[in-house]
Amino acid sequence: MPPFVCEVVRVHDGDGPLWCRTGEKIRVAGIQAPDFTSAEPCHRPAARRAAYTCDDVAAERARLIVSRLTLNRRLTCQPVGTSYKRIVARCTLPDGRSLSCAAIAAGAAVRWDRYWRQYHMGECR
């Protein structure tokens with residue numbers, strides 16, 4: 001799938017989904033942000049949710065950070081996969097920074113090494 005532009009109109013949490021004006025839902029590639037306790041992974045047994053932080057306060061903080069970075073802005077996104085009917089994408093902010101790297105630098109998310117490698121995310125500057 002070729003790159004596309006996403007004007008972000010809604011942000012669920014620090015790693016998505018981000019809703020685009022044209023209807024796409026994006027899961028930000030290579031990162032893991034805290035989940036709201038209502039999220040499906042938070043209902044799994046503890047051993048199966050080791051990669052997940054389930055904390056409403058932390059999830060809201062991550063959502064606000066990513067909202068400030070993306071809301072009403074045009075991102076350029078390169079699809080790299082799908083997850084739960086969302087497009088997994090490497091997205092670039094209008095200033096040229098990687099959204100994944102910006103979310104990590106701002107404290108909204110952490111690098112999820114397994115997917116970072118799988119999606120060939122490269123290095124953050």
Side-chain angles (χ1 to χ4, degrees):
M1 185 174 187
F4 64 96
V5 173
C6 171
E7 183 179 346
V8 179
V9 295
R10 182 175 167 207
V11 175
H12 176 71
D13 67 23
D15 55 29
L18 310 179
W19 280 266
C20 305
R21 185 167 305 285
T22 52
E24 297 90 351
K25 289 191 283 186
I26 298 172
R27 187 344 176 151
V28 182
I31 63 173
Q32 179 62 34
D35 285 306
F36 289 99
T37 56
S38 60
E40 185 274 331
C42 297
H43 298 282
R44 296 177 186 167
R48 290 193 55 227
R49 66 172 188 252
Y52 299 92
T53 298
C54 300
D55 180 321
D56 288 341
V57 172
E60 179 62 19
R61 180 180 175 275
R63 186 189 71 77
L64 289 172
I65 290 168
V66 172
S67 292
R68 287 185 194 120
L69 290 168
T70 64
L71 204 53
N72 300 313
R73 292 191 171 88
R74 294 170 56 93
L75 311 180
T76 301
C77 298
Q78 175 62 58
V80 293
T82 59
S83 173
Y84 298 104
K85 299 181 183 178
R86 302 169 296 180
I87 300 167
V88 178
R90 292 188 309 252
C91 295
T92 304
L93 296 166
D95 64 9
R97 292 181 296 156
S98 157
L99 172 56
S100 298
C101 291
I104 292 167
V110 295
R111 182 173 149 163
W112 200 348
D113 285 330
R114 171 181 163 194
Y115 294 105
W116 195 270
R117 287 187 301 274
Q118 179 179 334
Y119 299 134
H120 308 285
M121 299 299 293
E123 294 303 316
C124 293
R125 297 181 217 158

key: By salt bridge (Lys or Arg N to Asp or Glu O under 4.0 Å) - contacts of Arg90 (at least two apart)   =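 Per chain and number, Arg90 pairs via salt bridge (Lys or Arg N to Asp or Glu O under 4.0 Å) with no residue.
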
ask   = Under the salt bridge (Lys or Arg N to Asp or Glu O under 4.0 Å) test, which residues partner Asp35, sequence neighbours left out?
value =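 For Asp35 there are no salt bridge (Lys or Arg N to Asp or Glu O under 4.0 Å) partners, ignoring immediate neighbours.
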
request  = Quick one: list whatever passes side-chain contact (heavy atoms from CB on, under 4.5 Å) with Thr22, sequence neighbours left out.
outcome  =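 Once residues adjacent in sequence are excluded, the partners of Thr22 under the side-chain contact (heavy atoms from CB on, under 4.5 Å) criterion are Cys20, Glu24.
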
key: Residue pairs, two or more places apart or on separate chains, that pass ring-ring contact (aromatic ring centres under 6.0 Å, His included) and touch residues 55-75   =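 Sorted pair list comes back empty.
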
Name every donor-acceptor pair, under 3.5 Å, that has one atom in a side chain of residues 60-76 and the other anywhere in the protein, sequence neighbours excluded.
| residue | atom | partner | partner atom | Å |
| --- | --- | --- | --- | --- |
| Glu60 | OE1 | Arg63 | NE | 3.1 |
| Glu60 | OE2 | Arg63 | NE | 3.4 |
| Glu60 | OE2 | Arg63 | NH2 | 2.6 |
| Arg61 | NH1 | Gly107 | O | 3.0 |
| Ser67 | OG | Arg63 | O | 2.8 |
| Thr70 | OG1 | Val66 | O | 2.8 |
| Arg73 | NH1 | Arg68 | O | 2.7 |

ask   = How is the hydrophobic cluster of Phe36 composed, in terms of its other members, when Ile, Leu, Val, Met, Phe, Trp and Tyr link through side-chain heavy atoms under 4.5 Å apart, directly or indirectly?
value =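 So far as hydrophobic clustering goes, Phe36 is joined with none.
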
ask   = Members other than Val110 in its cluster, when Ile, Leu, Val, Met, Phe, Trp, Tyr link by side-chain heavy atoms under 4.5 Å?
value =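 Noted: Val110 shares its cluster with no other residue.
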
request  = May I have all residue pairs that pass salt bridge (charged side-chain N to carboxylate O under 4.0 Å, His left out) and include part of residues 77-88, sequence neighbours excluded?
outcome  =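 Salt bridge (charged side-chain N to carboxylate O under 4.0 Å, His left out) check on residues 77-88 returns no pairs.
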
query = Is there any salt bridge (charged side-chain N to carboxylate O under 4.0 Å, His left out) pair reaching into residues 97-109, and which pairs are they, with sequence neighbours excluded?
reply =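 For residues 97-109: Asp95-Arg97.
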
ask   = How long is the span from the CG atom in Leu99 to the CG atom in Asp15, to the nearest 0.5 Å?
value =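 If we round to the nearest 0.5 Å, Leu99:CG and Asp15:CG are 10.0 Å apart.
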
key: side chain to side chain donor-acceptor pair (under 3.5 Å) contacts in which one or both residues fall within residues 108-124, not counting sequence neighbours   =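 Qualifying pairs: Arg111-Asp113.
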
Identify all side-chain donor-acceptor contacts of residues 2-12 below 3.5 Å with residues at least two apart in sequence or on another chain.
| residue | atom | partner | partner atom | Å |
| --- | --- | --- | --- | --- |
| Glu7 | OE1 | Arg21 | NE | 3.4 |
| Glu7 | OE2 | Arg21 | NE | 3.4 |
| Glu7 | OE2 | Arg21 | NH2 | 3.2 |

